[in-house]
Amino acid sequence: MAKIISVCNQKGGVGKTTTAINLASFIALAGRNVLVVDCDPQANATSGLGIDKKQVKESIYNALIDNKDISQLLVNTKLTNLYLVPSNVHLTGVEVELVSIEGREFRLKNALENIRPAFDYIILDAPPSLGLLTINALTASNSALIPLQCEYYALEGLSQLLSTINLVRQNLNPHLEIEGILLTMADFRTKLTDEVIKEARNFFQHKVYRTVIPRSIKLGEAPGFGMPIILYDKNSHGARSYYEFAKEFLGVDFPIDIEIKEKKEPADGEKSIRQRA
Ligand SMILES: Nc1ncnc2c1ncn2[C@@H]1O[C@H](COP(=O)(O)OP(=O)(O)OP(=O)(O)O)[C@@H](O)[C@H]1O
Ligand SMILES: [Mg+2]
């Protein structure tokens, strides 16, 4: 039965999608079955995994609103064991549409029920807001993984996120835990990075992962090529740091044995849509 994890922070551009894609990729390379669900209308996880969002006809929207069986929405990625439920532009209006739907906070949780046994991990890439999409993600999850950018005001707004998590725990999902805090985009030459790391560790103590993700040009480039970092440049600092993070996350060491299922150019989402048996 899959453990379901929301990667969330209402602050934009802190590394949620990069973390969702790359953590999922390394867990898949560790031999686990992993599903990424793109819960963001921006569809960055979708394009970052090589699926052209403009070609996506049916997305998580159809599961949330039309009760479409989510197993019909699964898409293959370039990595064995790694699957995606894509997002597309239809998700843009979903928060408004959900308002009048019964059990609106539980739509994603219910949609995932069927496919949960087929996976070891389901990673939900949340949008940069605390609206109904993020609430749906948190309600469906065992835990929340919070990326924190090593930047000015990194911790600002976190109390709002933590109180949202508390509210969800009290009212919708009593088992919701904080999986951990991941420091991202660190520039170790600067004092600021040191300060943010110190402050985060002071505040969250052992909940902050030992692994810190550095700022890496390659990590910024990879999504433009529709590839997780392991396929884009496996020797980059970015690849190594997410590999370290995945090992820390799983609590096991594992060798990387890269298997590319299909060699193909990015942006051919249509062709890669398959139904999972
Ligand atoms: N460690 C890193 N080093 C360099 N660039 C990075 C790193 N992590 C992420 N980026 C880049 O920074 C931008 C924001 O990252 P990402 O999309 O992962 O953040 P996000 O929190 O998902 O953003 P949003 O809130 O818009 O969904 C992207 O262009 C991404 O490629
Ligand atoms: Mg994102």
Side-chain angles (χ1 to χ4, degrees), residues 5-26 36-51 53 59-60 84-89 91-92 94-95 123-131 133-134 136-138 144-158 160-161 164 179-190 192-193 196-197 200 209 211-246 248-249 266:
I5 299 150
S6 290
V7 183
C8 57
N9 188 336
Q10 79 276 22
K11 203 172 262 194
V14 298
K16 292 182 288 294
T17 302
T18 305
T19 298
I21 286 178
N22 290 300
L23 175 63
S25 299
F26 280 106
V36 172
V37 181
D38 191 343
C39 303
D40 185 352
Q42 296 180 94
N44 292 338
T46 299
S47 41
L49 283 170
I51 310 299
K53 61 186 175 192
S59 69
I60 187 64
L84 168 76
V85 173
S87 165
N88 65 1
V89 68
L91 210 59
T92 309
V94 81
E95 305 226 347
I123 297 182
L124 311 177
D125 184 28
S129 77
L130 293 173
L133 279 168
T134 296
N136 262 273
L138 289 171
L145 198 171
I146 305 170
L148 211 62
Q149 186 182 355
C150 296
E151 258 296 329
Y152 278 113
Y153 312 120
L155 279 82
E156 199 172 80
L158 266 187
Q160 214 186 337
L161 175 59
T164 301
E179 183 70 41
I181 314 290
L182 178 65
L183 293 156
T184 64
M185 299 187 222
D187 180 350
F188 294 107
R189 296 165 305 181
T190 68
L192 176 63
T193 283
V196 173
I197 292 175
Y209 292 104
T211 311
V212 175
I213 307 297
R215 193 169 273 288
S216 140
I217 290 171
K218 299 287 181 182
L219 275 174
E221 287 173 355
F225 293 85
M227 291 183 209
I229 192 65
I230 186 65
L231 296 182
Y232 182 64
D233 187 346
K234 65 181 157 94
N235 295 314
S236 61
H237 287 304
R240 275 203 296 276
S241 60
Y242 272 106
Y243 179 37
E244 286 309 313
F245 172 52
E248 183 180 357
F249 177 91

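When a ligand or atom number is given, it counts from 1 through the structure's own listing order. These values consider heavy atoms only, across backbone and side chains, with no hydrogens, waters or symmetry-generated copies.
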**Prompt:** Looking only at heavy atoms, is any part of Thr18 under 4.0 Å from ligand 1, and if so is it the side chain, the backbone, or both, or is it neither?
**Reply:** both
**Complete:** Nearest non-hydrogen protein atom to atom 20 (P) of ligand 1, with distance, is Lys16 N, 3.5 Å
**Prompt:** Just checking, any donor-acceptor pair under 3.5 angstrom between side chains of Glu244 and Thr211?
**Reply:** no
**Prompt:** With a cut-off of 4.0 Å, which atoms of ligand 1 are near a heavy atom of Ser216?
**Reply:** 2 (C), 3 (N), 4 (C), 5 (N)
**Request:** Would you tell me whether Thr46 and Asp38 have side-chain atoms, one donor and one acceptor, within less than 3.5 Å of each other?
**Result:** yes
**Item:** Nearest neighbour in protein (non-hydrogen) for atom 23 (O) of ligand 1
**Value:** Gly13 N, 3.0 Å
**Request:** Number the atoms of ligand 1 from 1 as they appear, then name those within less than 4.0 Å of a heavy atom of Asp40, with their elements.
**Result:** 27 (O)
**Prompt:** Can a protein heavy atom be found under 4.0 Å away from atom 13 (C) of ligand 1?
**Reply:** no
**Asked** For ligand 1, which atoms sit closer than 4.0 Å to a heavy atom of Val14?
**Response** 19 (O), 20 (P), 21 (O)
**Request:** Ignoring hydrogens and angles, tell me if any N or O in the side chain of Ser87 forms a donor-acceptor pair with the backbone of Asp40 under 3.5 Å.
**Result:** yes
**Item:** For ligand 1, the portion of Pro214 having any non-hydrogen atom under 4.0 Å away
**Value:** backbone
**Request:** Distance to 0.1 Å, residue and atom name: give those for the protein heavy atom nearest to atom 11 (C) of ligand 1.
**Result:** Gly220 CA, 4.3 Å
**Request:** Output yes if Thr17 passes the N/O/S-under-2.8 Å test against the Mg ion (ligand 2); output no otherwise.
**Result:** yes
**Message:** Checking a contact table here: which protein heavy atom is nearest atom 17 (O) of ligand 1, and how many Å away?
**Reply:** Thr17 CB, 3.9 Å
**Request:** Give the residue, atom name and distance (to 0.1 Å) of the protein heavy atom nearest atom 19 (O) of ligand 1.
**Result:** Gly15 N, 3.0 Å
**Prompt:** Under 4.0 Å between a Lys/Arg side-chain N and an Asp/Glu carboxylate O for Asp233 and Lys218?
**Reply:** yes
**Request:** Flag atom 27 (O) of ligand 1 as yes if some protein heavy-atom distance to it falls below 4.0 Å, otherwise no.
**Result:** yes
**Message:** Would you say Thr193 and Asp187 are linked by a side-chain donor-acceptor pair, where the criterion is simply a distance under 3.5 Å?
**Reply:** no
**Complete:** A student comparing Met185, Gln10, Lys11 should find that the heavy atom closest to atom 2 (C) of ligand 1 comes from Met185
**Request:** Below 4.0 angstrom from a heavy atom of Gly12, which ligand 1 atoms are there? Numbered from 1 as shown, please.
**Result:** 25 (O)
**Message:** Taking the six-membered ring for Trp, are Phe26 and Tyr242 closer than 6.0 Å centroid to centroid?
**Reply:** no
**Request:** Check whether any side-chain N or O of Lys16 sits under 3.5 Å from a backbone N or O of Lys11 as a donor-acceptor pair, and report yes or no.
**Result:** yes
**Asked** Judged by modelled atom types alone, do Asn44 and Thr17 share a side-chain donor-acceptor pair under 3.5 Å?
**Response** no
